Number of protein chains: 2
Amino acid sequence: MDLPLSVDRASPVPLYFQLSQQLESAIEQGALAPGSLLGNEIDLAGRLGLSRPTVRQAIQSLVDKGLLVRRRGIGTQVVHSQVKRPMELSSLYDDLEAAGQRPATRVLRDTVEEATAEVAAALSVPEGTQVRRVERLRLTHGEPMAYMRNHLPADLLPAEGADLESTGLYRLMRTAGVTLHSARQTVGARSAGTAEAELLGEPAGAPLLTMRRTAYDDTGRPVEYGSHLYRASRYSFEFQLLVRP
Amino acid sequence: MDLPLSVDRASPVPLYFQLSQQLESAIEQGALAPGSLLGNEIDLAGRLGLSRPTVRQAIQSLVDKGLLVRRRGIGTQVVHSQVKRPMELSSLYDDLEAAGQRPATRVLRDTVEEATAEVAAALSVPEGTQVRRVERLRLTHGEPMAYMRNHLPADLLPAEGADLESTGLYRLMRTAGVTLHSARQTVGARSAGTAEAELLGEPAGAPLLTMRRTAYDDTGRPVEYGSHLYRASRYSFEFQLLVRP
DNA sequence: CAGTGGTCTAGACCACGGA
DNA sequence: CCGTGGTCTAGACCACTGC
């Protein structure tokens with residue numbers, strides 16, 4: 001393990017974080033081969049001039065990410081398989097942008113209306129409360145990919161409809177000071193109705209992926225309820241699961 | 001915060017784990033109201049006769065689970081929304097059993113064959129390697145729910161076909177000493193072919209949910225590749241996401 | 001300003017796995 | 001047996017928050 005590890009004590013970045021980042025990039029770039037042992041924590045601490053708990057904190061964060069495995073009496077090993085990110089709470093916009101698909105968005109609707117029973121339940125507000133309703137069509141390469149209908153508290157975002165054509169909803173929420181914390185999702189499938197089929201450019205009765213999601217901020221307040229339709233011929237959900245240890 | 005917290009130093013259960021379990025059950029049972037502050041770590045440590053790092057470890061594990069939120073200068077709060085478990089790497093059998101659905105399984109096939117290119121790639125073995133192929137039909141209340149096709153290394157499990165009718169595949173693997181670590185999944189949808197429709201009791205062309213999954217053990221070795229079909233009219237995937245902090 | 005969590009140290013003992 | 005990670009202690013200083 002002759003890795004060029006080092007920490008900068010003058011940096012405001014926590015020492016354990018500096019170390020975990022260096023280890024993570026070493027793993028990603030193959031400098032730490034899958035299956036190889038990391039060397040014991042005591043040596044690593046001594047070599048970097050850190051205490052053992054600090055080194056353990058760095059290693060533990062990578063274990064939590066699924067990049068390393070620790071075994072008593074054995075050591076710390078790099079996991080063989082390339083573990084990618086677990087499914088993230090990202091907007092489809094970010095997903096597609098990251099995939100280099102250059103997404104475009106057409107805002108079909110951006111209004112304030114009274115919450116239906118379904119929306120009110122999802123957002124934990126009384127039925128009839130004023131909520132903002134956004135409907136968008138997401139396109140890639142000029143072809144429809146998804147129809148997205150969102151409901152959010154009316155006061156959550158400044159009423160700037162134009163931004164939604166160029167920015168994902170979650171990015172706007174973060175800019176507005178909303179810290180996302182968790183979300184509950186349901187993924188299913190059904191056949192397209194005639195209007196849906198026409199909107200998405202599919203034949204009538206084509207299979208569609210459905211996704212309903214309620215997202216919560218870090219105080220547990222529901223900040224978004226979405227009910228989306230994806231063309232099954234052009235989209236699927238891909239994600240990584242880690243087994244709880 | 002007058003909770004009846006206590007730790008047993010004679011127990012082999014780690015102190016931080018005892019504490020986190022007590023806090024978790026207090027949250028679940030409502031003894032710790034959502035939004036309430038947990039009290040500072042120093043006091044808590046002093047009251048229990050623990051050191052601060054130990055208390056922090058207990059709290060941190062609950063933060064990782066999404067039950068608590070910490071803010072500098074504020075304190076530790078119970079999250080408002082009921083956070084349930086993130087999506088788990090469970091077999092459908094376990095899913096249904098937990099939901100009280102009394103699942104039944106019909107093993108349609110349990111053979112050893114040569115790996116196709118698709119299976120070989122997923123299991124990281126040379127094409128043509130001998131692999132075990134299992135096909136099952138999962139039923140609830142006498143109705144078909146899913147058709148599951150799995151491929152696994154031929155030597156992974158003892159060749160006991162009968163168990164598959166009464167036990168989930170993952171349970172069998174765990175019994176055989178396989179420690180699951182992670183999995184990569186893809187969820188999509190398509191229309192049922194005539195044979196699939198008949199098998200699942202759906203009309204031809206009905207929408208089906210598709211799921212492909214490769215599971216890895218803790219050394220990173222692929223231990224299972226599954227390609228499954230679910231009746232969209234009777235099944236959907238539901239899961240919780242936590243935003244990485 | 002006082003109080004909170006965030007980070008860090010330098011030790012200690014134990015449990016487990018392999019030689 | 002030795003080396004590994006797992007747990008734990010009793011302090012310390014810093015950064016951020018709200019008053």
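Computed from a predicted structure; not experimentally measured. Note on naming: letters A, B, ... go to the chains in the order of the sequence lines (proteins, then strands), and numbering restarts at 1 for each one.
- Taking the side chain of P53(A) as heavy atoms from C-beta on, and the options dG17(C), dG11(C), dA12(D), the nearest nucleotide is dG11(C).
- Distance from the side chain of L50(A) is smallest for dT9(C) among the nucleotides dT7(C), dT9(C), dC8(D).
- Ranking dT7(C), dG18(C), dC8(D) by closeness to the Y16(B) side chain, first place goes to dC8(D).
- Closest contact between the side chain of T54(A) and the listed nucleotides dG6(D), dG5(C), dT9(C) involves dT9(C).
- Closest approach to the I74(B) side chain among dG5(C), dG18(D), dG18(C) is made by dG18(D) (side chain taken as heavy atoms from C-beta onward).
- For S51(B), the listed nucleotide lying nearest its side chain is dA10(D); candidates were dT7(C), dA10(D), dT7(D).
- Across the protein-nucleic acid pair, Q57(B) atom CD and dC8(D) atom C1' stand 9 Å apart, rounded to whole Å.
- The listed nucleotides are dC16(C), dC8(C), dG5(C); the one nearest the side chain of R72(B) is dG5(C).
- In the set dT7(C), dT4(C), dT9(D), dT4(C) carries the atom at the smallest distance from any side-chain atom of N40(B).
- Results of the side chain to side chain donor-acceptor pair (under 3.5 Å) test with E113(B) over Q130(B), R133(B), R132(B) single out R133(B) as the only residue that passes.
- Ion pairing between a basic and an acidic side chain is recognised when a charged N comes within 4.0 Å of a carboxylate O; E41(A) and R52(A) show such pairing.
- Distance from the side chain of R52(A) is smallest for dT7(D) among the nucleotides dG5(C), dT7(D), dC8(C).
- Salt bridge annotation for D110(B)-R136(B): absent, with no cationic side-chain nitrogen under 4.0 angstrom from a carboxylate oxygen.
- Between V131(B) and E114(B) the shortest heavy-atom distance is CG2-C, 4.4 Å.
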